[in-house]
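A short write-up of the structure that comes next.
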Amino acid sequence: MGGMSQGVLRKYREYLPVGDGTPMITLGEGDTPLVRSNKLSQELGCSELYFKLEGCNPTGSFKDRGMVLAVAKALEEGSQGIICASTGNTSASAAAYGARVEIPATVLVPQGDVAIGKLAQARAHGARILAINGNFDQALSLARAVAEMYPLTLVNSVNPNRLEGQKTAAFEIVDELGDAPDLLCIPVGNAGNITSYWRGFVEYHAAERAKTLPKMMGFQAQGAAPIVLGQPVPDPTTVASAIRIGNPASWEGATKARDESGGIIDTVSDDEILDAYRLMAAGEGIFCEPASAAGVAGLIKLHRNGLELEGQSVVCIITGSGLKDPEFAVKFIKSEVREVSPNLEAVEAALLMSVSGGRKG
Ligand code: F0G
């Protein structure tokens with residue numbers, strides 16, 4: 001096994017519902033980088049700020065941690081296929097793991113609302129794609145109904161194995177930092193991830209792998225903030241398509257995580273999401289999804305509203321890769337691409353306008 005990535009099923013076997021009959025499948029999920037902040041930490045006066053780069057998972061988002069377990073259990077139970085609704089990442093992950101173990105994947109996505117990279121993944125992996133003329137919440141109720149009627153395993157986070165697998169990210173943070181951070185900032189959509197992280201921290205604490213528990217700081221987009229409002233949002237809107245969700249499946253898990261940890265679930269505006277998205281890319285060198293920027297935007301907002309971060313350790317979960325949504329980057333990041341003739345004079349002329357300091361020697 002030397003050097004080969006073992007995947008989360010093997011690595012955290014003792015904490016997962018994995019038995020002798022469970023196929024130990026992997027695409028190399030987990031073991032994602034925990035990277036220290038350079039720029040934002042200075043701006044916030046927070047010397048211990050880290051980003052957990054979940055976009056480094058095999059399909060480019062955190063979903064792989066739970067999907068690998070959900071698909072392994074589906075195989076173990078002799079399932080004939082998997083089905084999910086998705087704003088894109090879950091469907092990309094289901095399609096990949098389905099292809100890996102050769103069981104068909106069916107994905108229901110809100111038509112016209114899924115980032116191009118995510119849709120390309122589902123297509124490339126050979127999933128059956130149903131573009132629902134409605135939103136994610138409608139797609140999820142349809143997926144649930146179909147899974148009741150047919151011998152298909154639902155692999156949305158209402159499948160308990162998804163939540164079990166995703167908690168391994170909390171384990172990794174504690175394994176790396178030696179304890180839980182003071183604050184964990186995380187975007188909230190269908191609310192499975194915040195539920196999983198809290199479970200992971202609580203289990204590790206009970207197993208005496210961590211001395212402390214973090215405050216869970218969840219952030220929903222302003223136009224898609226049912227948990228903050230205390231009621232479902234029938235027509236959720238936000239630039240962050242991954243968290244455009246009006247009636248989260250793990251609503252209770254999220255409020256439990258918030259309340260038991262002494263944390264919060266708050267909103268961030270689309271402008272705040274965009275600012276954080278740009279700052280992550282240009283200031284930290286980390287290209288994340290708009291939805292992932294919501295957690296960072298939330299931390300910035302808390303600091304602006306007076307939360308003292310000095311002496312606090314903070315981890316922001318960067319849930320997915322910016323490469324998922326290149327159209328978004330092109331649309332929302334102003335940067336000039338200058339056309340230049342293929343000769344040195346033209347390149348020099350173009351450089352003179354942007355390079356300070358002049359020529360060498
Ligand atoms: N960040 C990204 C990049 C996501 O894709 C999602 C959810 C979230 C955050 C929110 O996580 O739902 O556990 O609260 N994406 C789901 C999907 C809904 O279908 O891919 P959550």
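Everything numeric in this text was worked out from a predicted model, so none of it was measured. Both counts, for ligands and for their atoms, begin at 1 and track the order of listing.
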What are the atoms of ligand 1, with element, lying closer than 4.0 Å to any heavy atom of [X]?
| X | answer |
| --- | --- |
| I245 | 18 (C) |
| A291 | 1 (N) |
| S86 | 17 (C), 19 (O), 20 (O) |
| G192 | 13 (O), 14 (O), 21 (P) |
| A242 | 2 (C), 4 (C), 5 (O), 7 (C), 15 (N), 18 (C) |
| T90 | 16 (C), 17 (C), 19 (O), 20 (O) |

Margin query: Please compare A94, S91, G55, G189 and report which has the shortest non-hydrogen distance to atom 10 (C) of ligand 1.
Written below: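 Comparing heavy atoms across A94, S91, G55, G189, the nearest one to atom 10 (C) of ligand 1 lies in G189.
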Note to self: Just to be sure I'm reading this right: ignoring hydrogens, which of L163, T319, N193 gets closest to atom 2 (C) of ligand 1? Compare them by their nearest heavy atoms.
What the structure shows: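 Minimum heavy-atom distance to atom 2 (C) of ligand 1 goes to T319.
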Next item on the list: Check the side chains of E14 and Y12 for a donor-acceptor pair under 3.5 angstrom, ignoring hydrogens and angles.
Entry: no
Note to self: Under a plain distance cut-off of 3.5 Å, with no hydrogens placed, do Q222 and S269 share a side-chain donor-acceptor pair?
What the structure shows: no
Heavy atom of the protein closest to [atom] (residue, atom name, distance):
| atom | value |
| --- | --- |
| atom 11 (O) of ligand 1 | F62 CZ, 3.4 Å |
| atom 5 (O) of ligand 1 | N89 ND2, 2.8 Å |
| atom 12 (O) of ligand 1 | N190 N, 2.7 Å |
| atom 8 (C) of ligand 1 | I243 CG2, 3.7 Å |

Note to self: Applying a heavy-atom cut-off of 4.0 Å, say which part of K63 lies close to ligand 1: side chain, backbone, both or neither.
What the structure shows: side chain
Margin query: With a 6.0 Å cut-off (strictly less than), is the heavy-atom count around CD of E77, excluding the residue itself, greater than 12?
Written below: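 For E77, atom CD is crowded (more than 12 foreign heavy atoms under 6.0 Å).
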Item checked: CD (E348) with more than 12 external heavy atoms under 6.0 Å -> yes
Next item on the list: May I ask you to decide if the ring planes of F287 and Y277 are parallel, tilted or perpendicular, using 30° and 60° as cut-offs?
Entry: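 The rings of F287 and Y277 sit tilted, inter-plane angle from 30° to 60°.
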Check this for me, if you would: do [X] and [Y] make a salt bridge, where the nitrogen-to-carboxylate-oxygen distance has to be below 4.0 angstrom?
| X | Y | answer |
| --- | --- | --- |
| R304 | E272 | yes |
| E176 | K52 | no |
| K167 | E203 | yes |
| D137 | R144 | no |

Notebook entry, point to check: Side-chain heavy atoms under 4.5 angstrom apart, residues restricted to Ile, Leu, Val, Met, Phe, Trp, Tyr: same cluster for Y150 and L75?
Noted result: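 No: no chain of side-chain contacts under 4.5 Å links Y150 to L75.
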Notebook entry, point to check: Mind checking whether K118 has an N or O less than 3.5 Å away from an N or O of ligand 1?
Noted result: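 No, no N or O pair falls under 3.5 Å.
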Notebook entry, point to check: Is I194 in contact with ligand 1, taking contact as a heavy-atom separation below 4.0 Å?
Noted result: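 False for this residue.
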Check: Can A191 be said to touch ligand 1, with heavy atoms closer than 4.0 Å?
Finding: yes
